[in-house]
Amino acid sequence: MAHEVIISGFGGQGVMSLGQLLTYAGMLEGKNVSWLPSYGPEMRGGTANCSVIITDELVGSPIVTEATAVIAMNLPSLEKFEKTILAEGLLIINSSLVDSKTTRDDIDVIYIPANEIADELGNNRVANMVMLGAYLEKTRVVSPDSIIESLREVLGHSKEHLVPVNQEALKRGAQLVKNKG
Amino acid sequence: MAHEVIISGFGGQGVMSLGQLLTYAGMLEGKNVSWLPSYGPEMRGGTANCSVIITDELVGSPIVTEATAVIAMNLPSLEKFEKTILAEGLLIINSSLVDSKTTRDDIDVIYIPANEIADELGNNRVANMVMLGAYLEKTRVVSPDSIIESLREVLGHSKEHLVPVNQEALKRGAQLVKNKG
Amino acid sequence: MAKVTFNEDLCKGCELCTTVCPKNIVIMDKHRINSKGYHPATVEEMDKCIGCAFCARICPDVVIEVEK
Amino acid sequence: MAKVTFNEDLCKGCELCTTVCPKNIVIMDKHRINSKGYHPATVEEMDKCIGCAFCARICPDVVIEVEK
Amino acid sequence: MAKVLMKGNEAIAEAAIQAGCRYFFGYPITPQNEIPAYMAKMLPKVGGCFLQAESEISAINMVYGAAGAGARVMTSSSSPGISLKQEGISYIVGAELPCLIVNIVRGGPGLGGIQPAQSDYFQAVKGGGHGDYHMVVLAPSSIQEMVDLVTDGFDIADKYRNPVMILGDGMLGQMMEPVEFREKKTILPEKPWATTGNKEGKPRNIINSLFIDPQGLEDHVLKLYKKYDEMKENEVRVECYNCEDAEIIIAAYGTMARIAKNVIQMAEEQGIKIGLIRPITLWPFPVDTFKKWADSHHVKAFLSLEMSMGQMVEDIRLSVDGAKPVHFYGRTGGMVPTPKAILEEIKKIREGI
Amino acid sequence: MAKVLMKGNEAIAEAAIQAGCRYFFGYPITPQNEIPAYMAKMLPKVGGCFLQAESEISAINMVYGAAGAGARVMTSSSSPGISLKQEGISYIVGAELPCLIVNIVRGGPGLGGIQPAQSDYFQAVKGGGHGDYHMVVLAPSSIQEMVDLVTDGFDIADKYRNPVMILGDGMLGQMMEPVEFREKKTILPEKPWATTGNKEGKPRNIINSLFIDPQGLEDHVLKLYKKYDEMKENEVRVECYNCEDAEIIIAAYGTMARIAKNVIQMAEEQGIKIGLIRPITLWPFPVDTFKKWADSHHVKAFLSLEMSMGQMVEDIRLSVDGAKPVHFYGRTGGMVPTPKAILEEIKKIREGI
Amino acid sequence: MAKVFEKPKALTDKPFHYCPGCTHGIVHCLVAEAIDELGIREKTVGVAPVGCAVFAYDYFNCDMHEAAHGRAPAVATGIKRVLPDNVVFTYQGDGDLASIGAAEIVHAANRGERLTTIFINNAIYGMTGGQMAPTSLVGQVTTTSPYGRSADTEGHPIRVSEMLATLEGVAYIERVSVHDIKNINRAKKAIKKAFEIQLEGKGFALVEVLSTCPTNWGMTPIEALRWLETNMIPYYPLGVKKEVE
Amino acid sequence: MAKVFEKPKALTDKPFHYCPGCTHGIVHCLVAEAIDELGIREKTVGVAPVGCAVFAYDYFNCDMHEAAHGRAPAVATGIKRVLPDNVVFTYQGDGDLASIGAAEIVHAANRGERLTTIFINNAIYGMTGGQMAPTSLVGQVTTTSPYGRSADTEGHPIRVSEMLATLEGVAYIERVSVHDIKNINRAKKAIKKAFEIQLEGKGFALVEVLSTCPTNWGMTPIEALRWLETNMIPYYPLGVKKEVE
Ligand SMILES: Cc1ncc(C[n+]2csc(CCOP(=O)(O)OP(=O)(O)O)c2C)c(N)n1
Ligand SMILES: Cc1ncc(C[n+]2csc(CCOP(=O)(O)OP(=O)(O)O)c2C)c(N)n1
Ligand code: SF4
Ligand code: SF4
Ligand code: SF4
Ligand code: SF4
Ligand code: SF4
Ligand code: SF4
Ligand SMILES: [Mg+2]
Ligand SMILES: [Mg+2]
């Protein structure tokens with residue numbers, strides 16, 4: 001199956017790097033992958049997003065116009081992208097920052113208080129990893145191990161100490177889904 | 001008949017303005033005319049030339065590649081252009097500056113000691129007009145009056161005093177041809 | 001008496017205004033978030049304001065109006 | 001004793017060399033015309049030449065060689 | 001008015017002044033230097049302004065500013081200088097400003113040479129600058145036509161708010177021919193969009209080509225292309241000469257078209273029927289004219305004659321669309337094809353038919 | 001080597017370094033800024049030199065100097081910046097210097113926008129600069145291909161002593177894909193013509209594009225065109241995908257070709273047979289490939305898909321030469337056609353057949 | 001109560017798109033106030049650069065041109081030659097004015113064009129994401145000087161005002177800063193004067209404003225003001241560089 | 001007898017195409033002598049401009065590049081960065097260097113590129129037939145200033161050396177003239193020094209040479225030298241404008 005995901009949020013919430021980790025992991029698992037960022041001056045303080053495709057088929061356009069999943073880290077992201085989700089697709093909302101609910105009733109929705117969990121973990125920069133944990137648990141696109149391997153690759157040796165907290169964040173996100181499911 | 005003339009000499013010998021006068025006169029007489037200068041850095045101190053076409057037909061290319069006449073004010077001009085003259089065409093050589101004779105025997109050649117005559121007239125800048133006088137007498141392309149009218153146009157009122165010497169130069173050139181013919 | 005008014009939704013929370021107030025009364029309102037997603041600047045003890053307009057002068061987003 | 005030599009065919013008759021000779025011996029040869037069509041510069045009273053090379057120094061066309 | 005004998009370059013300049021052009025920004029380059037020289041002399045006398053810019057880039061951007069301020073304005077240059085203006089031209093199109101740009105083409109590429117050439121055809125008609133855009137490109141082949149097209153060029157520019165280019169060459173710029181300046185009242189159009197100051201109550205005028213939202217930019221480009229469709233509808237100009245029962249039709253513009261006429265005469269003397277299609281607008285290209293003649297049974301082939309390595313020939317092939325063979329003959333780098341050589345070429349084509 | 005995930009822009013830079021490029025001169029512009037940033041970081045580590053020039057014009061002229069001095073050298077920019085380089089490109093061609101020029105295209109004309117576009121096609125393949133010339137223009141459609149073509153581009157440039165352009169777009173520059181850097185020994189060719197100093201006894205080397213005698217310039221241009229003929233012979237690259245028994249053949253390059261593959265898949269699911277010709281060299285254009293398929297009875301029509309207002313479509317028409325209808329569909333200004341809309345377009349064409 | 005500070009009339013209602021704490025906004029306000037105080041809004045034509053201030057045409061409430069990168073002085077020259085009685089100003093960044101547009105500014109200044117130029121020196125290319133500017137300080141890390149600007153290979157930062165002050169056509173050049181209230185007030189005076197110089201037809205006027213780019217400097221806005229004060233001012237001395245009577 | 005003056009080895013045998021009395025020829029000779037005296041011919045790469053000296057590549061007996069109009073400093077930068085151990089010089093006219101190429105020279109100078117620039121200021125565009133240069137004097141009649149250059153509309157002539165001397169990267173700038181023997185000898189020293197500065201790696205070096213253009217000034221060569229002396233030198237003071245130790 002082709003996974004076509006949009007990850008979106010404020011600049012600084014780590015949406016770009018989240019997408020890259022996911023793409024990297026897909027590559028490690030031998031899938032065909034692509035990652036495409038939004039770019040432009042609207043990024044200045046505004047929202048940023050990226051499209052990730054992980055598939056066994058060939059990747060044509062890297063643009064995701066019909067998403068199998070959307071990870072919305074803030075309200076503008078939800079508003080902008082919920083309509084792009086395919087019927088029976090997945091929407092993961094960061095309920096720490098988003099009060100609203102989705103208006104779609106033909107999709108699967110998960111609310112994750114990502115910032116709160118990240119705060120609990122003592123590092124609010126891993127909110128994105130909590131979201132990713134949930135996404136992986138739900139879709140099993142790639143294994144969390146591949147994500148951690150990717151993370152090691154990206155962080156480099158000097159930041160090896162950050163791996164455990166990220167690992168933990170992934171787990172907590174997954175846990176939430178398991179509990180609900 | 002179409003007259004296609006090349007006028008050539010050192011920069012400063014007035015070959016460009018000679019060509020323009022002839023063209024102007026042709027226009028005054030209701031002919032179709034064109035004037036085309038050589039241009040480029042080789043003019044710097046080197047030779048300059050222009051092509052003049054006076055015809056009742058339409059003027060196509062303003063380039064003269066097969067000349068009905070060549071007016072050669074100096075040696076390099078003779079060497080460069082004598083071969084472009086049509087059989088039975090006309091070559092007028094400024095014998096004041098050109099020692100050599102032409103190598104062509106299928107054309108009409110006139111030798112005019114233009115600078116000497118101009119010196120006699122007390123103005124060595126009218127050597128070109130002496131040559132023109134000869135050319136007109138030979139070909140009757142336009143009338144000397146039209147040339148003078150053109151000259152008046154070009155010189156403007158302030159230089160009206162130069163008209164007589166030019167007129168005289170034309171005559172002297174014509175005279176030489178008459179004497180020979 | 002003087003008064004400062006914040007066009008709050010324009011505030012980007014840069015905090016520059018807080019550094020120039022001679023009365024030290026301009027603060028960031030950590031309890032609120034404006035439509036842009038920032039904690040906006042505000043004045044709590046308005047009575048201390050002398051209307052010097054320093055806060056307005058340095059605000060890059062022309063958020064502040066001052067009356068005296 | 002000094003000697004100046006003109007690579008005559010390169011001369012453009014600009015006359016600059018004639019203005020700098022301390023001995024005033026560089027002149028334009030009005031009787032000859034070189035292949036370029038100019039009256040070339042020349043020295044007539046070579047024995048007066050002191051080999052200062054001023055004429056060569058100012059010549060823009062490197063026409064002149066000087067020996068001493 | 002009486003005929004006067006004028007150099008092409010000077011005629012362009014005089015025609016521009018008579019057409020109400022009062023601003024000229026340019027930078028020297030051979031073989032078009034008579035244009036700025038004439039402007040420098042004459043513009044101050046009619047209350048205009050000539051300014052030699054520090055470069056071609058500055059010149060085209062001064063034109064941008066002056067055009068935006070509502071002036072009838074022009075610039076001129078030759079090949080390398082026109083290359084430098086490409087960004088500016090793209091901006092002027094994008095901001096929908098009218099102006100006249102003259103290219104007196106010389107041989108390229110690089111510093112090349114200074115003799116006449118037609119090797120900037122692609123640059124002029126396909127767009128040497130970035131983005132989707134077009135300019136009306138006018139190719140006079142006599143000094144009289146140069147004068148007439150300068151006037152028309154300004155009007156077309158104003159009508160569509162788009163730059164217009166005159167594509168000449170060193171020969172047309174340097175040669176002299178009789179020319180008549182037809183008495184014509186120039187009525188400059190109102191330009192309510194010009195930035196002449198924002199009086200209270202009026203909307204502000206903004207000269208701009210930035211559309212950060214891609215949908216906005218696409219809409220803008222579509223608007224430009226609507227204008228291009230109108231230009232294709234209204235502005236195509238072409239001369240057909242001797243085409244009726246011609247066996248081979250030459251296509252040539254500008255200087256080349258003059259030479260083509262000599263060829264036609266020579267051919268006629270030898271009993272060969274040759275016609276000429278002379279595009280006067282190189283863009284919009286006279287596609288329909290070519291189509292029409294391509295459909296005539298007597299026309300066996302086309303021959304594009306160029307002072308370049310084969311550029312216009314592509315537009316002819318696109319127009320003829322395979323209906324008849326389209327041949328090419330050209331010289332480049334400042335070399336001008338001779339009527340004789342062209343006739344040889346034609347004879348070869350006839351043998352092949 | 002193992003696969004790595006890389007942004008297109010960074011992949012270009014890394015590929016260049018691996019291909020032995022040690023000199024980069026450029027000027028910032030979105031969406032290609034990752035190229036200079038990568039070069040700034042990496043070149044000093046391999047003994048090379050990165051220099052941010054004061055402008056695109058300076059950058060291309062620094063490239064001219066460095067290439068003449070014998071270096072493997074590149075520059076990159078995006079649309080408005082590439083317009084500014086046109087004079088320089090024409091000089092580099094004229095002086096027969098090898099270099100790589102990258103254009104990560106964005107929407108135009110003018111300042112336009114910064115989203116991906118293909119509207120600089122004409123500029124790249126027809127020659128945005130003055131004079132008769134060509135460049136090999138390579139259009140990758142994946143990051144892996146970008147890497148491969150950068151290497152090949154340098155080699156082609158050296159082989160013919162002519163600049164080579166990589167024509168990408170904002171999407172290819174910004175996206176990430178897995179890429180493998182194939183182990184390849186770079187053997188830089190000898191450049192005896194380079195100006196590295198004139199040792200006694202050797203002939204002097206002169207880098208120049210001026211030929212003041214028109215016959216000399218024409219001879220030079222003919223020499224260039226001989227090289228272009230060789231390039232047409234040797235360097236054409238094209239991918240045919242699904243063309244066997246296709247009813248309609250899409251032509252698309254770069255990003256558009258990726259989307260075309262989605263369309264083909266969608267169409268297949270609906271029982272419609274669509275093929276794709278993907279020119280990899282936009283110049284020399286794969287004329288013969290188009291001719292070949294145009295002659296197949298099963299092919300009813302071609303459709304040029306572009307992120308521009310219809311530019312490559314002209315080269316397709318020239319190739320097909322009337323044998324089959326050639327349609328066009330495009331979006332511009334940063335808008336990217338969706339597979340759905342394209343399929344609609346295809347269905348309309350099928351109805352018309 | 002009277003208004004002692006409100007949004008100038010010469011600014012539109014459009015909110016600025018600048019990053020939080022970016023001093024472009026302060027300078028916009030000063031320019032607008034000068035226009036208001038001189039009562040010239042209706043006859044002013046502004047020229048926006050390519051740089052973070054590219055949308056200045058949306059902010060200044062007068063007729064505006066958007067110029068190509070670096071070419072604002074040429075565009076403004078074209079406008080001013082056509083409309084000598086209007087007031088024309090340009091607003092340019094340091095990449096725009098000092099790098100790609102170096103020839104244009106030198107020549108507009110040398111010609112003594114009656115223009116008012118606001119030159120924002122923030123020692124970086126803001127809009128394109130933080131590349132080295134000709135004005136970046138030695139040692140400053142940017143995306144294109146990742147090891148810090150090296151005087152040896154990239155040269156020292158260019159002092160544009162000092163360089164232009166050598167030109168005859170220049171009537172007025174001053175360098176100011178906006179890192180605190182005192183300096184903002186001085187900047188305001190300078191900007192107003194630069195318009196007055198144009199109104200008096202004296203020649204070319206330019207105000208260089210030392211500015212911040214918190215985003216690409218990687219600092220908070222407050223840190224950025226301090227960095228400006230501590231690092232930029234010593235290298236770029238404030239004050240009048242030229243003034244003709 | 002020994003040769004006290006002969007054609008330098010660093011000149012080819014090709015006769016110059018310059019007009020009679022044009023001082024371009026004198027300066028060529030001085031440059032070639034400096035190269036000979038320093039023994040650097042084999043490692044020197046020259047860059048010719050677009051201007052009357054466009055054919056300099058035919059005259060200097062070393063490897064040469066012909067640059068686009070105004071871009072010689074950029075071309076030279078490209079060469080020098082690739083060949084830091086070679087000696088690179090440019091030869092540019094005043095249209096080339098001071099007008100179209102203003103940005104390139106300012107930035108090459110500011111970067112302190114190790115280049116030697118010979119700048120021929122003849123107050124006119126020679127090659128294109130006598131248009132106004134940025135260095136043309138006020139009142140000077142040219143084809144594009146037919147009523148004489150007006151300071152009011154065209155600005156005062158630009159003093160490039162003084163302007164560039166404000167830049168940190170400049171190691172040496174001197175203005176010289178070639179209107180008489182004494183000055184030619186001074187010019188020779190300056191040109192040689194400008195090469196030495198490069199050999200020592202000190203930074204950017206430029207020698208501005210006041211020159212004549214008898215053809216476009218409409219004077220005899222001798223008159224032209226006097227005009228230079230009487231009119232140009234008072235406006236363009238000779239001497240060292242900058243020199244670092
Ligand atoms: C011809 C051209 N080159 C480059 C660019 C890309 N570009 C846009 S803004 C900019 C520089 C901005 O820096 P600066 O002028 O200092 O303004 P700031 O953003 O710092 O205010 C550049 C290089 C462009 N748009 N056009
Ligand atoms: C891009 C470009 N613009 C203009 C020209 C035309 N051009 C050739 S030389 C020249 C100026 C020459 O003047 P200068 O640099 O002062 O040199 P000089 O001839 O006086 O020695 C110009 C404008 C050109 N070749 N290329
Ligand atoms: S006006 Fe002055 S005193 Fe009042 S809040 Fe602002 S800065 Fe403080
Ligand atoms: S200066 Fe303005 S934008 Fe910044 S915090 Fe204060 S009010 Fe908000
Ligand atoms: S070397 Fe000196 S003395 Fe001799 S001719 Fe020349 S200038 Fe005169
Ligand atoms: S200076 Fe040289 S070119 Fe001039 S006249 Fe003397 S020898 Fe001849
Ligand atoms: S990037 Fe820098 S200059 Fe641009 S708006 Fe942001 S802070 Fe201001
Ligand atoms: S035109 Fe002037 S500068 Fe050029 S060669 Fe002649 S005299 Fe010298
Ligand atoms: Mg900046
Ligand atoms: Mg000059």
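Bear in mind that the values here come from a model prediction, so they are computed numbers and not experimental data. Chain A is the first sequence line, chain B the second, and so forth, proteins listed ahead of strands; every chain is numbered from 1.
A heavy-atom distance below 4.5 Å is not found between the side chains of V102(F) and M165(F).
In this structure, chain F has a heavy atom under 4.5 Å from the backbone of T153(G), while its side chain stays farther away. Contact of Y27(F) with chain G is made through the side chain alone, with heavy-atom distances under 4.5 Å.
For the set T30(F), N33(F), I29(F), L51(F), the count of heavy-atom pairs under 4.5 angstrom toward chain G peaks at N33(F). Chosen from P31(F), A40(F), P44(F), the residue pairing most often with chain G at heavy-atom distances under 4.5 Å is A40(F).
Counting only distance, with no hydrogens or angles, the side chain of S211(G) and the backbone of T23(G) share no donor-acceptor pair below 3.5 Å.
In this structure, R159(G) forms a cation-pi arrangement with Y235(G), its terminal cationic atom sitting closer than 6.0 Å to the ring centre and no more than 45° off the ring axis.
Under the 3.5 Å distance criterion, with hydrogens and angles disregarded, no donor-acceptor pair is assigned to the side chains of E154(G) and S150(G).
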